[in-house]
Structure formats: structure tokens, C-alpha cells
Amino acid sequence: MADASSPAPITTTSPLSIPIFRAVWIASLISNFGGLIQSVGASWMMISLHASPQQVALVQASTTLPIMFFALVAGAIADNLDRRHVMLAAQIFMLLVSAVLALFAWMGWLTPWLLLMFTFLVGCGTALNGPAWQASVGDLVPKPMLSGAVTFNSMGFNIARSLGPAIGGVIVAAAGAATAFFANAVSYLALIAVLLRWHPHRPESKLPSEALGSAMMSGIRYVAMSPGVRVILFRSLVFGLGASAVPALTALVARDLVSGGPLTFGLLLGGFGFGAIGGALSSIRLRARFTSEIVVRIAAIALISGTLVVAFSRLLPVTVIGMMMAGGGWVLAMSTLNVSVQMATPRWVVARTVSIYQMTVFGAMAIGSWLVGVIAETHTTSIALVTAAASLVVSFLLGFVLPLPKVESIDLDPRGWEAPETALHIEPRSGPIVVTIEYRIAEGDIDRFVAAMNERRRIRRRDGARHWTLLRDLMDTELWIERYHVATWLDYVRHNQRRTHADADNSREIFGLHRGDKSPKVSRRIEWQTRGTVAAKTDIDGVVAEPLTDVSAST
């Protein structure tokens, strides 16, 4: 996955033309309004409780930390269960937590740490919902519309960010934070209603769901063995550290730098949101003209400039302009990175990969929020913002050393592999399975073959193979043997069904170097336990099977 020299093609058809995406998007917009209203209430409630600057900054961190802690579990759940049910469970949970938070606020029972606990629980619901929703977007719209759909999601959130904080400021000033919390609880009802009516077609899987632990490890392994995804995640981590400063410190900016109250706080967040809408509207046009790397660099410049304006301005109109610049850069970068990670991942593991992306970026934002809160408490809010801008400069410069990969043109659809018939009766849990593939390679092609097999090793391990080795026969110099293990026959089937069309180039290169009259010989064997007499039936991992014979096939 090399850096693109030209942008990927962009479809001009709006994802909102698809009815179910439109319905979910509108319901999510309403829910986003509620979430932003609650954020205003929580931040200003924290100030009203005479909390420290660090505790104020932790309001945002307490919402993002659960994503860092639990998103991978949520991703594994979303890849193995009905995503609609996962989203429903998350929305109902957040509704209940928000309702209880409203009750506690009305009764006057809240303390700074209790408020942080409630926002943490809301973050847990967000962590459960996020991977399922992100993975569902690719199921709701065709692949050419995915970039636009992700952008519309960002736009919807930032439409709410534009108006929600201002509305939240009015609600808090007029009726108190408890009313803001109650408004958020009500906002979940629309999305719950849409999800209850939505009955998506879920292709029937021929394989059982993976165990939760195994599914989590599969996701981690896929990311670890995918260089392009690793680059995107690392860039997201570095960017997220500095990107968190402006939204985390907005309440302190309103109080300390421009000497305002709840309405000022709402106006500043509204400015950030309006800028974000501008960033979202410009993102499709920018991605049509420039590579993802250039778009992220443009976003970083906008966010750096906006952060510095907010740090040094003492005039509300100027600060609002700075917030707009920061909001535009923030959403432009985040939506581009989000699209990149989804386009770099096949559907079987997309929720887990998105969850790891969310863990990375929101974990970085949580850490960044805490750090700028500490700096604001020990020094000043302005110094904290300047420090964040400096970290964003590092993120910008990193793009010249480690550019984002071009992933839009990669075909990650599965190749449609079917399990072969075996002469030996075998059950899905039988194993371990040992696979060998024999190649005949000319002396002059060895360097090319070994290089191609190095890539094959990465692909095999990424998709679940163990103990991969490449052997050369001592008596027949042309004979090379690829060997690897999988834990069970079911794991062998999963391993092969995870191969994508993008992997076919590697296979074609290897098979093109094979000199035999026939295709490379594939042998599949099961490890045999030497208990009792080999002529007798033997229990292999709980499966009664006849004595072992090689199961061979050509590909």
C-alpha cells in the first residue's frame, strides 16, 4: 500500500438517496444533538461544582476512555453478532444511564467524581455502539459511496455540534444541567425506533461465530500484520494527542480567556461545530482533487492555526473564528483517517479494525485531554493550547516521513474459497492441521521466489496461520515446501475464506515461478496422537476417526 500519486475516484451520488441510511442518519443526528446538549450540561455542571481545571478536562476524557478500554471487545461482538441488536443494546443502555444522571442532578446528589462516573458509563455505551455502527455503514451503502457516507456521519455530528452546544447553553442557563441530561435521554428514542423497524439482510454464515477471545486476537493479529493499517493507526494516534485540546478546554476558554458564561461556552462550541460542517462539506471535493495525505496535512494546518488563535485571542468574535478553523481541521482529518482505515480492511474484520482505530484515536484524545488539563492547571489555559499546537506540528511533519497509504483501489472482497472433501472423516474442532505446498523453482528465480514467499508469510500469519516455515529439499534442489499449522479444521476453513482478491497478486507471482507441469501440490494432514494401537480407531480431540492418510489436492 504505497502513497497515492493521484486521488481515488469519488461518486457524486449522495448516500442520503438510500432510504435506510437516510433514516438512520436523521435519527443519529437527533441523538447527536442530545449528546452535545449533555456535554454542555456536564462541563458546566463540573464548573458549578467548583471542580479543578483537571476535572473539567476529564469530562471529555471520561467519555473517550471507555472507547480505549472496551472498543476491541465491542468490535469482536459486532463482527460476530447481529449489529442491529448490538446498536439497540447500546442505545437503550445510554438512555437509562442518561435518565439516572438527570435524576441525580435534579436531586442535587452529584459530585465531580460521580458526574465523571456517569459520563464514563455513557462512554461505555458509545464504545459498544461505535464499531457496530461504523461496520454497518459499509453494509448500508455501496463501496463507492462509503467515503461520502462516513463524511455525512461526520457532518451530522457536527451539525449537532454547531447548534447543540448553543441550545445546550440556553437550556443550562434557563433550566439547569438536569434538563440538559433529560433532553439527551429523550434523544435516544428516535434511533431506537428506527433500529426496531430496520430488519437488514444478514448473509447466512456457513461457519459458527468465533469465540470472543479468539475473535479479539484475530483482530489484533490482522492489524499487527497489515502495514498500511498500522501507518493509519500511528498517524491517528499522533494527531489525536493534539487534536483533543480545543474541545477539552473550551469551557476554560469561555471562562478564563474571554470571560463568559454558559451562553459563551455554547457559542464557542457552536463555532467549532460550524467549522466542522465546513470541513465535512469540503472533504469530498478535497479528496477528489488530492490524496488522503494532502487532505490530512491541510486539516492539520487549519487545526494548528485555529488552536493558536484561540490560545492568544481575548475577543469573543476572534475566538469564535479560531474555533471554526479548529473545527474544520478536526473533522476533515478525522473523517479522512476513518475512511482510510475502513477501506484498508476486509468486511470479516472491519468492526474489530475500526474498534482498534477508535481505541487508538480516542485513547490518544483522552490522554491529550488529561495532559492539557494538567498544563492548564499548573500553568495557564493559553500555554496548554500552545503546547497542543506544537504537538500538531509534529503530526504535520510526520506526514513527510510516514505518508498515509492509498487504500481506495484495493479489492478486499473474499475470493470465494470452498473447503475440499476429505478422505478421512473430520469434524470442525479436529486438529491441529498441518498444510504443506510443494513448489518447483528454477535456480535463477530463487531470489524472486523467496521475496514473494516473505509476503506470503505475512498474509498467512495475518489470516491465522501458525508456525509458518519455508523448506528447501536437500536432495532435489528445485523442490521448495511451504508449511504452516492451524489449530483446527474450522480454523483452516476460516483462514482460506479470509483471503481477498488483493492477495491474488501474490499467489499469481508465486505460481508463475512454479516450473512443474501441474499446479503446486497441496497436502493437508492432521497431527495424530500415538495412543494405543495405530490400527485401532483413535479419539482425536474428541473426534473418532479412522487411521490417518494424507489428504492431497492440487490448486
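The chain is numbered in sequence order, starting from 1.
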Quiz item: So Thr307 and Leu392, side chain to side chain contact (heavy atoms under 4.5 Å, CB included) or not? Walk me through it.
Solution: CA-CA 10 Å; Thr307 302; Leu392 289 168; 4.2 Å; yes
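- With a 4.5 Å cut-off on side-chain heavy atoms, Val309 and Ile321 do not count as touching.
- Phe70 places none of its side-chain heavy atoms less than 4.5 Å from the side chain of Leu128.
- In terms of modelled atom types and a separation under 3.5 Å, the side chain of Thr380 and the main chain of Ala376 share no donor-acceptor contact.
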Exercise. Report the C-alpha separation of Tyr222 and Trp348 in whole Å, then their side-chain angles, then the decisive distance to 0.1 Å, and conclude whether the ring-ring contact (aromatic ring centres under 6.0 Å, His included) test is met.
Key: CA-CA 11 Å; Tyr222 185 89; Trp348 70 267; 5.7 Å; yes
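- Residues Leu110 and Phe181 form a side-chain contact, since some pair of their non-hydrogen atoms from C-beta on lies under 4.5 Å apart.
- Nearest heavy-atom pair, Thr119 versus Ala42, reported as atom, atom and distance to 0.1 Å: CG2-CB, 4.1 Å.
- Contact of the Leu385 side chain with the Val253 side chain is registered, since non-hydrogen atoms from C-beta on lie closer than 4.5 Å.
- Contact annotation: the side chain of Met323 approaches that of Val310 to within less than 4.5 Å [non-hydrogen atoms, C-beta and beyond].
- For the pair Thr353 and Val341, the minimum side-chain heavy-atom distance is below 4.5 Å.
- With no hydrogens or angles considered, no side-chain donor-acceptor pair links Arg255 and Thr250 at under 3.5 Å.
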Self-check item: Audit row: Phe118, Val122, side chain to side chain contact (heavy atoms under 4.5 Å, CB included) steps and yes/no
Solution: CA-CA 6 Å; Phe118 277 111; Val122 172; 5.8 Å; no
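- Ser244 places a side-chain N or O within 3.5 Å of a backbone atom of Leu241 that can act as its donor or acceptor partner.
- When all heavy atoms of Ser98 and Asn184 are compared, the pair lying nearest together is OG-ND2, 2.8 Å.
- Two residues are said to be in side-chain contact when any heavy atoms from C-beta on lie closer than 4.5 Å; Phe182 and Leu103 fail this criterion.
- Counting heavy atoms from C-beta on, the side chains of Met324 and Phe272 never come closer than 4.5 Å.
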Practice problem: Check the pair Leu404, Leu337 against side chain to side chain contact (heavy atoms under 4.5 Å, CB included), reporting the backbone distance first and the verdict last. | Solution: CA-CA 9 Å; Leu404 291 174; Leu337 292 168; 3.9 Å; yes
